[in-house]
Amino acid sequence: GAGVSQSPSNKVTEKGKDVELRCDPISGHTALYWYRQSLGQGLEFLIYFQGNSAPDKSGLPSDRFSAERTGGSVSTLTIQRTQQEDSAVYLCASSREVSNTGELFFGEGSRLTVL
Amino acid sequence: SQKIEQNSEALNIQEGKTATLTCNYTNYSPAYLQWYRQDPGRGPVFLLLIRENEKEKRKERLKVTFDTTLKQSLFHITASQPADSATYLCALENGGYNKLIFGAGTRLAVHP
């Protein structure tokens, strides 16, 4: 597609439920990132994928969070047993390749509300 | 600990003036720094990148400086317009592979 696509754009769930957020990066972009943005806050790094390398999971806040990237393209961020503090906008970004020049192209985000 | 600081208070300026936003960081040695614009309800959009060996970078009405001694970047918008109103985020490379760490952003409001 022309840009990074994320779905759903909005998700309201009850505490304790599992949610899946999807990211479809720009075609040909080998690097994919997930960030989280809470209201009025900066972007918090969650996880990074690059090709077939092991992902950098250093930003995942707890073991309830996991992410996959299938076939080097689409990624799914899964949050198990959601808590109210998980409420935030989850942003996905992709970039062309690992280099010291790459700008990130962001999707519009998935707004998660945990009741 | 590592920290990126941007003015948390909104910056209000008059149309036509120059807006200057500040990004300070501690305990990083980034190879480059980027600035992004974010509008409400949207994802950030890349504006400029400046490398550690560059003092200044310009793009149209935008100018970015990078002082690795002061650990500071300044972002300037000249001849500001109401359409420039948005939140501006600075981001530092940390980890050697485009792992960007973002500041909380500064909201700019340009008044007619």
Side-chain angles (χ1 to χ4, degrees), chain A residues 2-7 9-10 21 23-26 29-60 88-111 113, chain B residues 1-10 21-25 28-54 57 59 62 64 66 73 86-107:
Chain A
V4 176
S5 178
Q6 292 189 245
S7 62
S9 55
N10 279 287
L21 307 176
C23 173
D24 199 345
I26 293 173
H29 281 193
T30 58
L32 186 148
Y33 309 76
W34 285 98
Y35 286 85
R36 177 169 72 173
Q37 188 172 34
S38 301
L39 187 63
Q41 303 297 312
L43 278 68
E44 176 189 3
F45 169 81
L46 297 178
I47 189 168
Y48 161 80
F49 296 90
Q50 167 56 25
N52 295 322
S53 302
D56 179 344
K57 304 179 181 180
S58 60
L60 294 178
V89 176
Y90 290 81
L91 289 160
C92 176
S94 68
S95 65
R96 290 187 178 88
E97 61 181 61
V98 174
S99 72
N100 62 348
T101 62
E103 68 180 89
L104 300 191
F105 294 82
F106 282 88
E108 302 290 47
S110 292
R111 180 178 297 278
T113 303
Chain B
S1 63
Q2 298 171 321
K3 187 185 291 186
I4 302 173
E5 291 185 344
Q6 294 187 255
N7 289 350
S8 57
E9 294 184 8
L21 285 70
T22 304
C23 176
N24 295 300
Y25 59 94
Y28 287 104
S29 295
Y32 61 83
L33 182 150
Q34 297 183 0
W35 284 88
Y36 287 77
R37 168 182 174 144
Q38 187 174 27
D39 290 285
R42 310 295 298 273
V45 175
F46 172 82
L47 295 174
L48 280 169
L49 176 149
I50 186 166
R51 301 180 195 283
E52 60 180 340
N53 61 349
E54 297 175 317
K57 182 73 71 73
K59 179 182 176 182
L62 308 181
V64 172
F66 193 10
S73 175
T87 295
Y88 291 87
L89 305 166
C90 74
L92 305 183
E93 170 272 341
N94 182 42
Y97 57 69
N98 292 354
K99 179 177 177 179
L100 292 181
I101 306 300
F102 283 81
T106 298
R107 187 161 56 87

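Sequence lines set the chain letters: A, B, ... in the order given, protein chains first and strands last, and positions in each chain run from 1.
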(message) Would you say CG of B/Asn53 has more than 12 non-hydrogen atoms from neighbouring residues, nucleotides or ligands within 6.0 angstrom?
(response) yes
(request) Count the heavy atoms belonging to other residues, nucleotides or ligands that lie under 6.0 Å from CZ of B/Arg107, then report whether that count exceeds 12. (result) no
(request) Measure distances from B/Gln6 to the heavy atoms of chain A and classify the residue's part below 4.5 Å as side chain, backbone, both or neither. (result) neither
Nearest 0.5 angstrom please: [X] [atom1] to [Y] [atom2], how far?
X	Y	atom1	atom2	answer
A/Leu43	B/Tyr36	CG	OH	9.5 Å
B/Ile101	A/Glu44	CD1	CD	10.0 Å
B/Phe46	A/Phe105	CZ	CZ	8.5 Å
B/Arg42	A/Phe106	CZ	CZ	14.0 Å

(request) Could you look at A/Gln37 and say if it's the side chain, the backbone, both or neither that has a heavy atom under 4.5 Å from chain B? (result) side chain
(request) Answer with side chain, backbone, both or neither: which region of A/Leu91 has an atom nearer than 4.5 Å to a non-hydrogen atom of chain B? (result) side chain
(request) Find the one option among B/Gly105, B/Pro44, B/Ala91 whose heavy-atom pairs under 4.5 Å with chain A are most numerous. (result) B/Pro44
(message) Just so I know, are the side chains of A/Tyr33 and B/Leu100 near enough to count as touching, which here means a heavy-atom distance under 4.5 Å?
(response) no
(request) For residues B/Phe102 and A/Phe45, determine if any side-chain heavy atom of one lies less than 4.5 Å from a side-chain heavy atom of the other. (result) no
